[in-house]
Each structure stands twice: as C-alpha cells, then as structure tokens.
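So the structure is just underneath, and the comments pick up after that.
Start at 1 and go down the list; that is how both ligands and their atoms are numbered. For the numbers below, each heavy atom of this structure counts, side chains included, while hydrogens, waters and symmetry mates do not. All values reported here derive from a predicted model rather than from experimental measurement.
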Amino acid sequence: MTAQTANLQGQVAVVTGSTSGIGAALAEGLAAAGAHVVLNGLGDKNQIEALRSGMAKRHGIEVRYHPANMMKADETTDLVDFAVREFGRIDILVNNAGIQHVAKIEDFPPEKWDAIIAVNLTSAFHTIRAAVPYMRANQYGRIVNISSAHGLVASPYKSAYVSAKHGVMGLTKTVALEVAEAGITVNAICPGYVRTPLVDGQIADTAKARGICEEAVVRDVMLKAQPTKKFVEYDQLVGLLVYLVSDAGASCNGAAFQVDGGWTAQ
Ligand code: NAD
C-alpha cells in the first residue's frame, strides 16, 4: 500500500524520533495519507521547524512538534497528552526513537546501556501506557513499534540494542493481547539495515570494534546479513506502516513484520 492509496484523513499520529531518518520518513508517509502529525526528536531548532512547516504545506494537514526527551518519563507521557490537547485525539502511535552504541560487552559503558534501554524500550512503555486510555475511549487505535531485525536475532557488540529491541517484541505482544478487544492493534516492524544517520554513525564504531576498515563493515558486516545485498529503502517501511494503520491491517495484531531482505530467514 502507498501513502497515496490509504486514507487517514482526520486521524492523529504521534511519531517519536521523527526529526531524522526512518521516523521522519514514516511521519511524512502518514501525513501524505492525510493524518495530522505530531513530530518529536532531537536536533537543530530551525531544521525541525523547516521539517514541520514543510510537511504541513506539502500535504495540507496540521503538523505540531513536541521536544520530549525519550529518556524522561514525564516528558514522554506529555508528548501523548500534547497530541490530545492539540487535536482532541490520538489514533496512531509510532514508537521509533532509537539510539545505538557498538562495543564489546566488557568495554560497554553502563551509562550507554541505561540510555539505550531508556530510549529504545522504556520510552515505548511510557507512550503506550499514556495512549491506551485515549484509544480505549475511542475504541480505536494503531500502535506500531519500530523494532529491528535485532529484535529477533543478535549480532555481537550490540548487547544493549539487541536487548532493548527484544524487549520491544515482548512489549508489543503483551499489549496486543491486553487491548485486542478494544479496536486497538499493536505490531512491530523489524527493519534490516537502512542507510540513516544512525547507521552511518555506527560504521566507524563497528570498524574499530572488529579491527576492519569502514568499507569492509558495509560489505562484510551489514550487507552480508542481508541476502538482497541492498539497504532497505524508506518507502518500503512507509508502505508497511500505512497498511498496518489502515482498515486493511485490522487483523494484524501482536505480530512482527520483517523488512530485512531475508536476513532473519537464515
Ligand atoms: P536516526 O538517528 O536517523 O533517528 C533517530 C531519531 O530518534 C532522531 O529523530 C533522534 O532525534 C531521535 N532520538 C534519539 N534520542 C532521542 C531522545 N533521547 N529523545 C527524543 N528523540 C530521540 O536513526 P534511524 O536509523 O532512523 O532509527 C530509527 C529507528 O529505527 C530506531 O528505533 C532504530 O533502532 C530503528 N532501526 C534502524 C535501522 C537502520 O538500519 N537505520 C534498522 C532497524 C531498526
């Protein structure tokens, strides 16, 4: 399904970590399908405002920005409440914010572990916890957690990330069971490698951890895992998201959707 063929007019979507990479693409896709969007994420104020106003103009919908730091429970909860204060409802919640750190377990900084668990896993607990009462009241909701192939399988040197993403899978399945009769679905998208700022940032770290050059990381580590030998494209994730939040996706619940070129089939 493409954003152009779905109809999300009048719906309200919150996308965490949508100032960059996958989150920005997903927010744009929901806006293109007609939803009003609440953006969130870190970054330069002027660039975020340009993203916000450009998205609203391109698609003729309302776009707001909330600066919640996903490491802080109260701010994360307020992001969801803000959507309801601004628009009176929340229909779609996409938990996308994520960070990474690559290091051997014996060198892994404990503060990086805490940060990754907080942003990649605990923030989704807080947004979902805040959003479900609003969704229950409307007897409708779509929650999509952006997990990873690393929510299903592991790679060395990513202990915190793999643990957080496996946690996201457990959270997805548990809440899916709790809200199934309330017209709410909860699913996980598990992308393989997408060439975003987050991935660019880990190429150098992986090269250091493995003692190889950066070209070898792309060829022999990242794309080695992906049988297609191609990075996943933003549009391929947008198409799945739009399907999951549309009426056609109503029976998908508690599921993991791999978009990884066959990585986790191995
Ligand atoms: P990215 O670095 O381009 O974007 C991450 C977003 O999260 C940014 O908007 C950033 O501002 C936001 N963010 C980070 N820390 C935050 C915080 N404390 N509070 C609020 N926002 C914060 O990364 P990306 O590659 O687009 O990753 C997006 C999601 O997709 C992540 O959950 C990541 O784990 C997942 N993912 C990425 C890939 C990939 O190959 N890029 C593969 C699988 C899964």
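- Checking only distances, N69 does come within under 3.5 Å of ligand 1, N or O to N or O.
- The minimum heavy-atom distance between A68 and N40, with the atom names listed, is O-ND2, 2.9 Å.
- The contact set between ligand 1 and P197, taken as ligand atoms under 4.0 Å from a residue heavy atom, comprises 3 (O).
- In terms of polar-atom proximity, defined here as any N/O pair under 3.5 Å, T196 does make such a contact with ligand 1.
- Nearest to atom 29 (C) of ligand 1 among the protein's heavy atoms is N96 O, 3.0 Å.
- Counting heavy atoms of neighbouring residues, nucleotides and ligands inside a 6.0 Å radius, atom CZ of R129 does not exceed 12 of them.
- For atom 1 (P) of ligand 1, the closest heavy atom belonging to the protein is S20 OG, 3.6 Å.
- Taken from CD1 in I92 to CG in L26, the straight-line distance is 11.0 Å, to the nearest 0.5 Å.
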request  = Kindly determine whether D200 and R195 satisfy salt bridge (Lys or Arg N to Asp or Glu O under 4.0 Å), including the steps that lead there.
outcome  = CA-CA 7 Å; D200 282 337; R195 193 90 197 237; 2.8 Å; yes
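- Within the listing of ligand 1, atoms 19 (N), 20 (C) sit less than 4.0 angstrom from a heavy atom of A68.
- Any N or O atom pair closer than 3.5 Å counts here, and K165 shares at least one such pair with ligand 1.
- Inclusion of V194 in the set of residues having an N or O under 3.5 Å from an N or O of ligand 1 is warranted.
- If you look at A149 next to ligand 1, there are no close heavy atoms at all, none under 4.0 Å.
- Those atoms of ligand 1 with a heavy atom of V199 less than 4.0 angstrom away are 39 (C), 40 (O), 41 (N).
- Under the 3.5 Å distance criterion, the side-chain polar atoms of Q202 are left unmatched by any main-chain donor or acceptor of Q100.
- Distances below 4.0 Å separate heavy atoms of S18 from the following atoms of ligand 1: 9 (O).
- The two atoms that bring V132 and V175 nearest to each other are CG2-CG1, 4.5 Å, heavy atoms only.
- Shortest contact from atom 19 (N) of ligand 1 to any protein heavy atom: M70 N, 2.8 Å.
- Remark: E233 engages no residue in a salt bridge (charged side-chain N to carboxylate O under 4.0 Å, His left out) (not counting sequence neighbours).
- Rounded to the nearest 0.5 angstrom, T19 OG1 and N96 CG are separated by 9.5 Å.
- Every atom of ligand 1 is numbered from 1 in the order shown, and the set under 4.0 Å from a heavy atom of Y161 is 33 (C), 34 (O), 35 (C), 36 (N), 43 (C), 44 (C).
- Geometrically, ligand 1 and I22 share a nitrogen or oxygen pair separated by less than 3.5 Å.
- Nearest protein heavy-atom contact of atom 2 (O) of ligand 1 is L198 CB, 3.4 Å.
- Of the possible donor and acceptor atoms, one in the side chain of T16 sits under 3.5 Å from a partner among the backbone N and O of A97.
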Identify every side-chain donor-acceptor pair in residues 244-259 under 3.5 Å, counting partners at least two apart or on other chains, and give the distances.
residue : atom : partner : partner atom : Å
S246    : OG   : Y243    : O            : 2.7
S246    : OG   : A248    : N            : 3.3
N253    : OD1  : V186    : N            : 2.9
N253    : ND2  : A176    : O            : 3.1
Q258    : NE2  : T264    : OG1          : 3.2

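- Residue-environment remark: CD (E111) exceeds the threshold of 12 foreign heavy atoms within 6.0 Å.
- Which of P191, G21, G98, G192 comes nearest to atom 5 (C) of ligand 1 through a heavy atom is settled by distance: it is G98.
- Looking at N145, its side chain never comes within 3.5 Å of a backbone N or O of S147 through a donor-acceptor pair.
- Closest protein heavy atom to atom 9 (O) of ligand 1: T19 OG1, 2.8 Å.
- Using a distance-only test at 3.5 Å, with no hydrogens or angles considered, no donor-acceptor pair links the side chain of Q226 to the main chain of G261.
- The nearest protein atom to atom 14 (C) of ligand 1, hydrogens excluded, is given as I99 CG2, 3.7 Å; this is a heavy-atom distance.
- When only non-hydrogen protein atoms are considered, atom 44 (C) of ligand 1 lies nearest to S147 O, 3.2 Å.
- Looking at atom 21 (N) of ligand 1, its nearest protein heavy atom turns out to be G41 CA, 3.6 Å.
- An N or O contact shorter than 3.5 Å links G17 to ligand 1 by distance.
- For L42, heavy-atom contacts with ligand 1 shorter than 4.0 Å involve the backbone as well as the side chain.
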